[in-house]
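Right, one structure below, let's go through it.
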Amino acid sequence: MATKWISVREYFKLMATFIFTKHRAQDLLIKLSSILSVLLFWHILLILVFPANTILPTPSEVFIALLDIVTKGDIFAHVFASLIRVVVGFLIATFIGVGLALVAGYYKKVGIFLNPLIEFLRPIPPIAWIPIAILIFGLGNTSAYFIVFMGAFFPIFTNSFFGVNSLPAIYENVARSFEIKKSIFVKEILLKFSLPYIFTGLKIGIGMAWMSVIAAELIGAQSGLGYFIQLNRLLLRTDNVIAGMILIGVIGYVLSWLLLTVEKKIIPWGNRK
Amino acid sequence: MLKLKNLSHHYNNQSRNIKISVLEKINLSINEGEFVSIVGKSGCGKTTLVNIVAGYIQPTGGSIFVNAEKVITPGKDRIVINQAHDLFDWMTVYQNMRLVSNDDNDINKYLSMTRLSEFADAYPYELSGGMKKRLSLARALVVDPKFIIMDEPFNSLDYQLREKLQEELLDIVRKSKKTILFVTHDIEEAVFLSDRVIVLSGKPTQIKKEIIVSLPKNRDSSIRDSMEFIHLKNIIKSEIQEVI
C-alpha cells in the first residue's frame, strides 16, 4: 500500500518537474504533445464514436494524402502562388501603412483627417471586398493583391499610428533643442521609437494577409492553396482539403516565426521590458 | 549672458473662464561661467520657467535674451537636462551622442569626462540611473551650448548617489566652463552647487530673494559641514518657509 502511495506521489512529482521545469527540450515535448493529443482525440472520435463515418478522414488518411500531394509536387505551385500574393499585398500594405502612419503622426491634421475614414473602413472584413475587387480588377492576381492589402493594411496602420502617437513629448523637445533635422527626426526618432508597435501590427497583419489570400482564392482564383481546397471539395477529396488546411496552418506559423526573428534582429533594445 | 526680462506667464482656465497667473515679472541675468540655482516649493512654476527659457512654450509676457538677442524657439544654445528620462532607448550611448554631434573627438572627450567611454556600445536600459544622467550631461556638453538648463536632474536618485553626482557635476562644470541654470527644490543641493541662489515666491511666482553663495569655487563634500554652508542653508530655508 505504502509503496503504491509513494509511486503515485513520485508520478505527480515527475509530471510537475516535467511541466514546470524550463528546459528547451521539455518545452518542445510539451508543444509536440499538444498537437499529438488533438490528433489522438480526432482519431479516437472517428473510430470509436462514429465508426460508420465515411465523410471525414482519419488523421492517418490525411497524413497519407499530405505525403502524397507533397511527393507529387503539384502542391508547390499552389503554395508558391499563394505566397507571392501574400508577399506582394503584405509589402504594399507595409509601405503604405507605415508611411501613412508616420505622415499622420508628424502632421497631426493629416491624422485627424484620416481617422474617421480608417475607423469606418476598418470593421469591413477583407472578404467583403472580394466582389468589388473582382468587379474592378477582374479574376486574377491583382484582385488577390488588393484583398491581401485590405486584410493587412488596417492592423499595420493602426498599430503604427498608435506607436507614432505614443512618442513622448520629451523626445520632441530634445529634438527641437538639439535642432535635429526633420528628416532625421522622422527616420531616427519617430520611426525607431515606433518600431516595436509597427512590428505588433506586422505580426497581426501577416496573419490577416494569409487568411485573406486563402479567402480570395476560395472565390476568385485558378491557383493557390485556397483554390486547391475548393477544387478538392468539389472532387469530394476531404483528405486533400484537410491536408491543404494543414499546409495553410504550417505556412502561417512559419511566416509569423520569420517576422519574429526579423523583429528580434532589428529591435535589440526591445528586450528591456 | 542669459537675460529674462519681465517674464510673465498665465494659463487660461477655459471652463472657469479665469486667468491663472504662474510667473509674474521675473527679471534675471546670468553671466557666462556662472552657476545659478532657482529654488522654490513644488508647483511654484519652476518647470514652466524651464520650458519658457528652453523655448518649448511662449511666455504671455516679457522676453528672453541670449547675448542681447531675443530668442523664441528652442536651440542648441540652451540645452535642457530633464528630470525625466530623455535618452533615446533604441540608440547606444555612442549613437545618442552621434545623433547630435558629428565630431568623434568631441564625443570621445565628453564620454571620457563623464566616465562613460567603456559603455559607448551599451543601450540606455543597461546603464544605472547615475550613468544615464551623466550621459544626458555629456550629450548636452558635446554641442557646446552657451547655457545648460537642469530641471531637477537628480530628483529620481537616492541621496548618496545625488551627493556623488553633485560633486561630479561641479567637477565637469569647472572643466567645461559652462554656464548653468539649475532648478531644484533641494536647498542643500542649491547651496553646494551654486554661485548664486534665486528663491522664488508662491503663486503668482516672483523672485523673492537673491543670495550670493560666498563659498570657495573648489568644493568637495566636506564643505557641507562648514558653518558658512549651514548658515546659507538656513537663510534660504527661512526665505522659503515665509512663502505661503
Side-chain angles (χ1 to χ4, degrees), chain A residues 94 98-99 101-102 105-108 156 159-203 259-273, chain B residues 47 50-58 66 71-93 95-102 107 121-127 132 135-153:
Chain A
T94 302
V98 174
L102 285 173
Y106 192 81
Y107 299 103
K108 305 288 178 209
I156 295 174
N159 279 284
S160 307
F161 186 55
F162 180 74
V164 167
N165 271 334
S166 311
L167 185 81
I170 204 163
Y171 286 149
E172 278 176 56
N173 284 342
V174 169
R176 288 167 74 199
S177 281
F178 284 101
E179 298 172 28
I180 289 168
K181 281 187 204 145
K182 272 185 188 178
S183 58
I184 295 179
F185 174 77
V186 170
K187 192 169 147 253
E188 296 295 329
I189 298 174
L190 198 58
L191 176 66
K192 293 207 172 153
F193 170 82
S194 312
L195 272 181
Y197 300 89
I198 291 172
F199 263 91
T200 304
L202 294 183
K203 281 183 282 187
L259 259 182
L260 207 70
T261 313
V262 175
E263 182 186 15
K264 277 183 188 160
K265 262 250 152 17
I266 68 169
I267 314 184
W269 67 91
N271 55 354
R272 73 189 189 278
K273 280 171 185 165
Chain B
T47 298
V50 167
N51 286 337
I52 291 172
V53 176
Y56 300 149
I57 52 177
Q58 295 303 313
V66 170
V71 288
I72 44 169
T73 52
K76 275 186 191 177
D77 53 350
R78 290 150 289 138
I79 296 295
V80 181
I81 294 176
N82 293 285
Q83 179 181 342
H85 177 75
D86 62 358
L87 300 166
F88 298 113
D89 293 316
W90 51 94
M91 297 181 193
T92 62
V93 167
Q95 287 166 338
N96 264 285
M97 298 288 282
R98 195 69 174 71
L99 184 74
V100 300
S101 167
N102 292 324
I107 292 174
D121 294 327
Y123 284 97
Y125 74 91
E126 296 171 300
L127 304 179
K132 283 179 192 162
L135 177 56
S136 286
L137 183 59
R139 184 176 67 177
L141 289 167
V142 80
V143 296
D144 192 24
K146 290 191 180 82
F147 305 96
I148 296 178
I149 307 153
M150 303 180 87
D151 184 11
E152 309 206 29

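Reckoned from all heavy atoms, side chains included, excluding hydrogens, waters and symmetry mates.
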Any residues in residues 181-191 of chain A near chain B, with a heavy-atom distance under 4.5 Å, and which are they?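 Counting heavy atoms that sit under 4.5 Å from chain B, the residues of residues 181-191 of chain A involved are A/Ile184, A/Glu188, A/Ile189.
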
Chain A contact via [X] - side chain, backbone, both or neither, heavy atoms under 4.5 Å:
X        : value
B/Asn82  : side chain
B/Phe88  : both
B/Arg139 : both

Give the minimum heavy-atom separation between [X] and [Y], together with the two atoms involved.
X        : Y        : value
B/Pro124 : B/Asn96  : CG-ND2, 3.9 Å
B/Lys76  : B/Val100 : NZ-O, 4.3 Å
A/Ala101 : A/Ser160 : CB-CB, 3.5 Å

Return yes if some donor-acceptor pair links the side-chain N/O of B/Arg78 with the main-chain N/O of B/Ile148 below 3.5 Å, else return no.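 No, B/Arg78 side chain to B/Ile148 backbone: no donor-acceptor pair under 3.5 Å.
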
For chain A, which candidate among B/Leu99, B/Thr73, B/Val80 shows the most heavy-atom pairs at distances under 4.5 Å?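 Heavy-atom pair counts peak at B/Leu99.
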
What residue, out of B/Asn51, B/Ile79, B/Val143, has the most heavy-atom pairs lying under 4.5 Å from chain A?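 So the answer, after comparing B/Asn51, B/Ile79, B/Val143, is B/Ile79.
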
Gap separating the CE atom of B/Met97 from the CG atom of B/Leu141, nearest 0.5 angstrom: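 So the CE of B/Met97 and the CG of B/Leu141 are separated by 8.0 Å.
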
Atom CD1 of A/Ile266 and atom CH2 of B/Trp90: how far apart are they, to the nearest 0.5 Å?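 If I round to the nearest 0.5 Å, the distance is 14.5 Å.
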
What residues form a side-chain contact (heavy atoms from CB on, under 4.5 Å) with A/Asn165, not counting sequence neighbours?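 For A/Asn165, the residues satisfying side-chain contact (heavy atoms from CB on, under 4.5 Å) (neighbours in sequence not counted) are A/Lys108, A/Phe161.
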
Check whether more than 12 heavy atoms from other residues, nucleotides or ligands sit under 6.0 Å from atom NZ of A/Lys203, and answer yes or no.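 Enclosed: over 12 neighbouring heavy atoms sit under 6.0 Å from NZ of A/Lys203.
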
